[in-house]
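All remarks here apply to the structure that follows.
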Amino acid sequence: MKIVTEKINSEPNHSISKKDVKAIIEVIPDDWIGVAHIFSISSQLFENSNWDRPVIQNNTTFKILSRGIDRNEIIKELLIELAINPTKTYPPKGHSLTKSQRKKLEELIMPYYNKLIE
């Protein structure tokens with residue numbers, strides 16, 4: 001497993017660190033990672049992406065767009081993305097989750113989220 005932090009030259013800074021990602025990996029069930037083996041803390045700003053969520057799994061990489069977003073929000077979004085495959089939650093189009101899918105995933109990840117933000 002590899003955690004990569006892309007360098008940035010201007011504000012805002014990354015709101016999540018390699019240490020945060022490692023802590024998340026330690027608390028979740030082993031099968032949540034699946035085939036992904038790279039966590040990329042991206043230099044791209046979320047508002048400049050075409051995504052509706054700041055964390056997306058793309059094949060073997062979890063791309064994390066954390067710049068300018070609250071740390072706890074990014075932790076929650078990464079947990080949600082990690083929970084998608086093991087729960088067999090399939091977004092209907094692209095990477096967009098329905099409101100009911102997102103609600104179920106949020107309920108599932110809350111025990112892990114609460115451990116991480118304590």
Side-chain angles (χ1 to χ4, degrees):
M1 183 148 346
K2 188 174 177 181
I3 303 169
V4 178
T5 303
E6 294 178 3
K7 293 185 190 247
I8 54 176
N9 297 320
S10 62
E11 297 283 327
N13 292 322
H14 298 294
S15 62
I16 196 169
S17 67
K18 287 182 180 184
K19 184 178 176 182
D20 293 320
V21 175
K22 286 178 185 176
I24 292 166
I25 293 167
E26 287 177 13
V27 300
I28 61 169
D30 291 338
D31 65 334
W32 279 27
I33 296 190
V35 298
H37 60 274
I38 300 170
F39 290 83
S40 175
I41 303 171
S42 177
S43 62
Q44 183 179 10
L45 291 168
F46 175 59
E47 61 263 17
N48 294 341
S49 75
N50 290 326
W51 300 345
D52 65 342
R53 294 178 292 133
V55 179
I56 300 287
Q57 181 181 358
N58 190 3
N59 297 319
T60 60
T61 303
F62 284 100
K63 190 146 179 141
I64 305 164
L65 307 180
S66 72
R67 294 180 63 202
I69 301 175
D70 181 69
R71 176 183 170 269
N72 290 346
E73 184 65 26
I74 292 297
I75 289 172
K76 184 178 186 180
E77 291 296 325
L78 181 52
L79 286 167
I80 287 170
E81 191 66 24
L82 284 161
I84 287 174
N85 282 336
T87 59
K88 298 186 181 356
T89 303
Y90 300 111
K93 66 173 193 169
H95 290 288
S96 298
L97 295 169
T98 65
K99 286 182 182 178
S100 63
Q101 286 174 322
R102 184 167 181 84
K103 185 177 180 193
K104 286 178 186 175
L105 289 167
E106 285 180 357
E107 289 170 2
L108 175 70
I109 62 121
M110 279 322 234
Y112 306 107
Y113 178 74
N114 290 333
K115 275 186 192 177
L116 291 161
I117 62 166
E118 289 176 345

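Since the structure is predicted, the reported quantities are computational estimates derived from the model, not experimental observations. In this chain, residues are counted from 1 in sequence order.
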Sequence-distant partners of Glu77, side chain to side chain donor-acceptor pair (under 3.5 Å), two or more places apart
Arg102
I'd like to know whether Leu97 forms a side chain to side chain contact (heavy atoms under 4.5 Å, CB included) with Arg53, so could you lay out the CA-CA distance, the side-chain angles of the two residues, the decisive distance to 0.1 Å, and finally the verdict.
CA-CA 9 Å; Leu97 295 169; Arg53 294 178 292 133; 3.9 Å; yes
Quick one: pull up CG in Leu79 and CD1 in Ile74 and give me the separation to the nearest 0.5 Å.
11.5 Å
Side chain to side chain donor-acceptor pair (under 3.5 Å) filter on Glu73, not counting sequence neighbours, yields none
Working note: Gln101 + Thr89, criterion side chain to side chain contact (heavy atoms under 4.5 Å, CB included); need CA distance, chi angles, decisive distance, verdict.
CA-CA 7 Å; Gln101 286 174 322; Thr89 303; 3.7 Å; yes
Is the backbone of Leu45 close enough, under 3.5 Å, to the side chain of Arg67 for a donor and an acceptor to pair up by distance?
no
Taking side chain to side chain contact (heavy atoms under 4.5 Å, CB included) as the criterion, tell me which of Leu65, Val55, Val4 meets it with Ser42.
Leu65
Does Ser17 have any side chain to side chain donor-acceptor pair (under 3.5 Å) partners at least two apart in sequence or in another chain, and if so, which?
Asp20
Side chain Ser15, main chain Ile69, donor-acceptor under 3.5 Å
yes
Could you name each residue pair satisfying ring-ring contact (aromatic ring centres under 6.0 Å, His included) that touches residues 17-59, not counting sequence neighbours?
Trp32-Tyr112, Phe39-Phe62
Any pair counted as salt bridge (Lys or Arg N to Asp or Glu O under 4.0 Å), so long as it reaches residues 29-51, sequence neighbours left out
none
Residues passing the side chain to side chain donor-acceptor pair (under 3.5 Å) test with Ser49, sequence neighbours excluded, are none
Smallest separation among heavy atoms of Ile25 and Met1, with atom names
CD1-SD, 3.5 Å
